[in-house]
Amino acid sequence: GTGLSRLVGLGREGALAHALGASATYDAFLIAFLVPHLLRRLLGEGGMAAAFLPVYTRAQQAGHGPATARTALVGLTSLLIPLCALGSWLAPLYIPLLAKGFSPEKLALTTQLSRWLFPLLALFSLAALAGALHNAQGRFFLPALAPATLSLGIIAGALILYRLTSPPALGLVLGALAGGGAMVGLLAPAALGQLQGGQGWRWGELGEMGRRLLPVLGGLAVAELNLLVDYRLASHLPDGSVSVLQYGLRLFQLPLGVLAVSVATAALPRLARESVRGRSAGFREALAQGMGLGGTLLLPALAGLLLLGRPVVGLLYQHGAFTAQAAAQTAQALSGYLAGLLAYGLVYLFSRACYALGRPGVPLLATALTVVVNVGLDLWWVGWW
């Protein structure tokens, strides 16, 4: 499912490259999409993995899984409605902080797009909760495939709606919103069955989820500072610089998404069960299997992308509005990202193992160190290179 989703994601990047290339318009869309995307990782995939799934697994074993799931849905919805309204309203304040180097016209477009895109956060988060309910039942295909619907929406926005709307970038927004709605529609029907049965609510468990979530939010937020700093520095560079970073990052994320995330997602329910049962030997065995499988899959992917990065970039992106110069710059960015491929793959697994053990502070400390290194080298090397 993840493989199919990532292939559709490559098609999305090819469609965006064909329609927009490495341009000021795509720079604006990327910055506008950045905040809901980062919050999606905080409240969506990351939050569900760290806070909801271990608590829900324990509740299932105790016989009150449906009540826990209903309580989580109500709590999440109550948080998302004011958060989305506030995010759209405050866009004129935080967008200039993210893209200080943009021209006034480019900044105004970015702010407008951000206001329209922020409701995506609600769709992403509801889809993540539904996906976690699927995963708890040992069903991984649909949650892994669901992001493909977002990609299909953006493809439609780039190739069709982009030519019909004013400003043209509004077509990308409409396509993204339609794709996010389709994610929820794909996952919700089967997940609704997990909400039925049992009686009452489990408000105490909602409080436990919140306590588990807070350090995870801190760790993920600290980690996302890396991307915020990257984009802010790139906003001072020529038009298309943010786009080039994104195109390279997408190819870097392909083996991470297909291989590392798949291994970590499949391992988490087992790690959570072994931790709840206090079976340390089983926990170590599951973690060791995940490490071995992740390394076996990621190292050949690393070698392949290092050797074939430039022709792969040319094949996927160099058509339409995407120039040969942009392709060369994207291949350079990709080669730099690849230095961390194996380490990032293991981080996905180790962080979920810490969440299953109820030790979210360990990933928080690790990501804080990562930010210090990344930001320091950013500020030094951007001027040097």
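In this text the structure is predicted, and so the values were computed from the model without any measurement. Count residues from 1 along the sequence.
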> Going from CG on Leu287 to OG on Ser280, what distance comes out if it is rounded to the nearest 0.5 angstrom?
Replying inline: 12.5 Å

>> Under the criterion side chain to side chain contact (heavy atoms under 4.5 Å, CB included), I'd like the reasoning laid out for Val8 against Leu4: C-alpha separation, chi angles, the key distance, then a yes or no.
In response: CA-CA 6 Å; Val8 178; Leu4 290 174; 5.6 Å; no

>> Tell me if a side-chain donor or acceptor on Asp239 pairs with a main-chain N or O of Ser23 at a distance below 3.5 Å.
In response: no

>> Membership question, hydrophobic clusters at under 4.5 Å side-chain separation (ILVMFWY): are Val173 and Trp89 in the same one?
In response: yes

>> Other residues, nucleotides and ligands only: do more than 12 of their heavy atoms fall within 6.0 Å of CD on Gln325?
In response: no

>> Side chains of Leu150 and Phe124, heavy atoms from C-beta outward: is any pair under 4.5 Å?
In response: yes

>> Using only atom types and a distance under 3.5 Å, with no angle test, would you say the side chain of Ser243 pairs donor to acceptor with the backbone of Ala22?
In response: no

> Is there side-chain contact between Tyr162 and Leu20, with heavy atoms separated by less than 4.5 Å?
Replying inline: yes

> Side chain of Ser151, backbone of Arg12: donor and acceptor closer than 3.5 Å?
Replying inline: no

> Do Thr77 side-chain atoms and Leu73 backbone N/O form a donor-acceptor pair below 3.5 Å?
Replying inline: yes

>> Tell me the closest heavy-atom pair linking Leu187 and His134, and the distance in Å.
In response: O-NE2, 3.0 Å

> Quick one: are Met291 and Leu349 in side-chain contact, heavy atoms under 4.5 Å?
Replying inline: yes

>> Checking His37 now: which residues fulfil ring pair (Phe, Tyr, Trp, His ring centres under 6.0 Å) with it, not counting sequence neighbours?
In response: Phe33

>> With clusters defined by side-chain heavy atoms of hydrophobic residues (ILVMFWY) lying less than 4.5 Å apart, directly or transitively, does Leu98 cluster with Val244?
In response: no

>> Any heavy-atom pair between the side chains of Asp230 and Asn374 that's under 4.5 Å?
In response: yes

>> Test: ring-ring contact (aromatic ring centres under 6.0 Å, His included). Region: residues 245-302. Which pairs qualify, not counting sequence neighbours?
In response: Tyr26-Tyr247, Tyr247-Tyr317, Tyr247-Phe322, Phe252-Tyr337, Phe252-Tyr344

> Are Leu245 and Ile31 joined in one hydrophobic group, where the rule is that I, L, V, M, F, W and Y side chains link up if heavy atoms are under 4.5 Å apart?
Replying inline: yes

> Is a side-chain N or O of Ser335 found less than 3.5 angstrom from the main chain of Gln332, in a donor-acceptor match?
Replying inline: yes

>> Testing the basics here: between Leu341 and Pro255, what is the closest heavy-atom pair and its distance to 0.1 Å?
In response: CD1-CG, 3.9 Å

> Yes or no on side chain to side chain contact (heavy atoms under 4.5 Å, CB included) for Leu249 and Leu227, after CA distance, side-chain angles and deciding distance?
Replying inline: CA-CA 11 Å; Leu249 186 62; Leu227 192 59; 4.2 Å; yes

> Is there a donor-acceptor pair under 3.5 Å between the side chain of Thr149 and the backbone N or O of Met183?
Replying inline: yes

> How many angstroms lie between atom OG1 of Thr111 and atom NZ of Lys106, to the nearest 0.5 angstrom?
Replying inline: 12.5 Å

> What's the shortest heavy-atom distance between Arg6 and Gln253, and which atoms?
Replying inline: NH1-O, 3.6 Å

> Measuring from Leu233:CG to Leu379:CG, what's the distance to the nearest 0.5 Å?
Replying inline: 6.0 Å

> Under 4.5 Å between side-chain heavy atoms, hopping through other hydrophobics if needed: is there a path connecting Val263 to Leu342?
Replying inline: yes

> So, Arg232 side chain and Leu97 main chain: donor-acceptor pair closer than 3.5 Å or not?
Replying inline: yes

>> Please give me the minimum heavy-atom distance between Ala91 and Ser114, naming the atom from each residue.
In response: CB-OG, 4.0 Å

> Any sub-3.5 Å donor-acceptor pair from Tyr94's side-chain atoms to Gly87's backbone N or O?
Replying inline: yes

>> Using 0.5 Å steps for rounding, measure from the CZ atom of Phe29 to the CG atom of Leu117.
In response: 5.5 Å

>> Would you say Leu334 ends up clustered with Leu254 if hydrophobic residues are merged whenever their side chains have heavy atoms under 4.5 Å apart, either directly or through other cluster members?
In response: yes

>> I'd like to know whether Asn226 forms a side chain to side chain contact (heavy atoms under 4.5 Å, CB included) with Thr370, so could you lay out the CA-CA distance, the side-chain angles of the two residues, the decisive distance to 0.1 Å, and finally the verdict.
In response: CA-CA 8 Å; Asn226 290 329; Thr370 302; 3.8 Å; yes

>> Show the nearest heavy-atom pair for residues Ala158 and Leu16, with the distance to one decimal.
In response: CB-CD2, 4.0 Å

>> Would you say that Leu34 contacts Leu228 through its side chain, given a criterion of any heavy-atom pair below 4.5 Å between the two side chains?
In response: yes

>> Quick one, Leu10 with Leu251, criterion side chain to side chain contact (heavy atoms under 4.5 Å, CB included). Give me CA distance, side-chain angles, the key distance, then yes/no.
In response: CA-CA 8 Å; Leu10 279 181; Leu251 281 177; 3.8 Å; yes

>> Donor-acceptor check, side chain of Ser351 to backbone of Tyr348, threshold 3.5 angstrom: yes or no?
In response: yes

> Is Val373 close to Leu377 at the side-chain level, that is, under 4.5 Å between some pair of heavy atoms?
Replying inline: yes

> How many angstroms lie between CG in Leu172 and CD1 in Ile154, if you round to the nearest 0.5 Å?
Replying inline: 7.5 Å

> Just wondering, do Leu315 and Pro311 contact through their side chains at under 4.5 Å, heavy atoms?
Replying inline: no

>> Is any side-chain heavy atom of Glu285 closer than 4.5 Å to one of Arg279?
In response: no

> Between OG1 of Thr2 and CZ of Phe140, what distance do you get to the nearest 0.5 Å?
Replying inline: 10.5 Å

> Looking at Ser5 and Pro147, what are the two nearest heavy atoms and their distance?
Replying inline: OG-CB, 3.4 Å

